Amino acid sequence: LMTLHASKGLEFPVVFLAGLEEGLLPFAPRQSLTAAEEQHHLEEERRLFYVGLTRAERTVFLSHAASRRINGKTCSRRPSRFLQEIPAALLSRPETGQANKRQARTKIQQLSLF
């Protein structure tokens, strides 16, 4: 587990990018920005996202949450605008339907670590 900043120059067979939500990536600055500063900030965040995508040698998994608990409050989240910029032909979505129904019928036992 590492930050996008720390991953520059490294490559991995598989990469997981989590938290791809507006406010997290692109990160929402706490202070107000001018239009020019906002555009610069957004481009920097887009470059950082690109760094994450290009660390994967074979596969990259992208995920976001519909809601997230931040500072003790649960809030709805929208997927990152950067996800919409990826051509649909490059994406595949997890299977739904029968696989989920089978899993729901299967009793899952939590294993102990100790």
Side-chain angles (χ1 to χ4, degrees):
L1 181 62
M2 63 177 29
T3 67
L4 289 170
H5 291 90
S7 72
K8 290 180 181 176
L10 303 174
E11 286 188 340
F12 305 93
V14 178
V15 170
F16 293 83
L17 293 178
L20 298 177
E21 302 145 30
E22 287 294 315
L24 293 178
L25 191 71
F27 180 70
R30 294 180 188 248
Q31 72 277 9
S32 297
L33 302 176
T34 66
E37 290 171 333
E38 175 68 28
Q39 186 61 33
H40 177 73
H41 170 75
L42 193 58
E43 291 305 316
E44 286 297 318
E45 291 287 295
R46 184 175 283 109
R47 279 190 277 281
L48 192 56
F49 178 61
Y50 180 79
V51 164
L53 286 177
T54 58
R55 300 307 92 202
E57 294 172 339
R58 289 192 318 259
T59 307
V60 62
F61 291 88
L62 308 172
S63 70
H64 62 85
S67 65
R68 183 175 293 279
R69 194 165 184 87
I70 299 175
N71 298 327
K73 300 177 194 169
T74 301
C75 45
S76 323
R77 307 298 289 196
R78 289 178 303 157
S80 172
R81 66 185 80 187
F82 300 151
L83 293 173
Q84 298 169 3
E85 297 172 1
I86 300 172
L90 298 177
L91 299 173
S92 64
R93 303 207 182 269
E95 290 184 28
T96 58
Q98 294 300 325
N100 287 344
K101 290 178 186 175
R102 275 193 305 260
Q103 186 178 14
R105 286 190 298 248
T106 305
K107 184 177 180 180
I108 298 172
Q109 179 183 358
Q110 176 69 43
L111 301 176
S112 174
L113 293 175
F114 305 99

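The figures that follow rest on heavy atoms only: side chains count, while hydrogens, waters and symmetry mates do not. Please read these numbers as outputs of a predicted model, since none were measured by experiment.
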Output the distance between atom CD (Glu22) and atom CZ (Arg78), rounded to the nearest 0.5 Å.
5.0 Å

Say whether Leu53 and Phe82 are linked into one hydrophobic cluster, either directly or through other cluster members, by side-chain heavy-atom distances under 4.5 angstrom.
yes

So SG of Cys75 and CZ of Arg69: to nearest 0.5 Å the spacing works out to 9.5 Å

Taking all atoms of both residues into account, what is the closest heavy-atom pair of Ser7 and Val51, and its distance?
OG-CG1, 3.7 Å

With rounding to the nearest 0.5 Å, note down the distance linking CG in Leu4 to CD in Glu45.
9.0 Å

Distance col, row Glu38:CD vs Glu43:CD, nearest 0.5 angstrom, shows 10.5 Å

Closest non-hydrogen atoms of Pro26 and Arg81, given as atom of the first, atom of the second and distance, are CG-NE, 3.9 Å

Please determine whether residues Met2 and Leu20 belong to a single hydrophobic cluster, defined as Ile, Leu, Val, Met, Phe, Trp and Tyr linked transitively by side-chain heavy-atom distances below 4.5 Å.
yes

Cluster question for you: counting only ILVMFWY and a side-chain heavy-atom cut-off of under 4.5 Å, with indirect links fine, are Val60 and Leu83 together?
yes

What's the shortest heavy-atom distance between His64 and Pro79, and which atoms?
CE1-CG, 3.5 Å

Applying a strict under-4.5 Å side-chain criterion to I, L, V, M, F, W and Y, I'd like to know whether Phe12 and Phe49 cluster together.
yes

Do Ile86 and Leu17 belong together in a cluster built from hydrophobic side chains that touch within less than 4.5 Å?
yes

Minimal heavy-atom distance between Arg77 and Ile70, with the atoms involved, is NH1-CD1, 3.3 Å

Using modelled atom types and a 3.5 Å cut-off, is there a donor and acceptor pairing between side-chain atoms of Arg55 and backbone atoms of Leu10?
yes

So does Leu25 get a backbone contact from the side chain of Ser80, meaning a donor-acceptor N/O pair under 3.5 Å?
yes

Separation of Arg93 CZ from Leu62 CG (nearest 0.5 Å):
10.0 Å

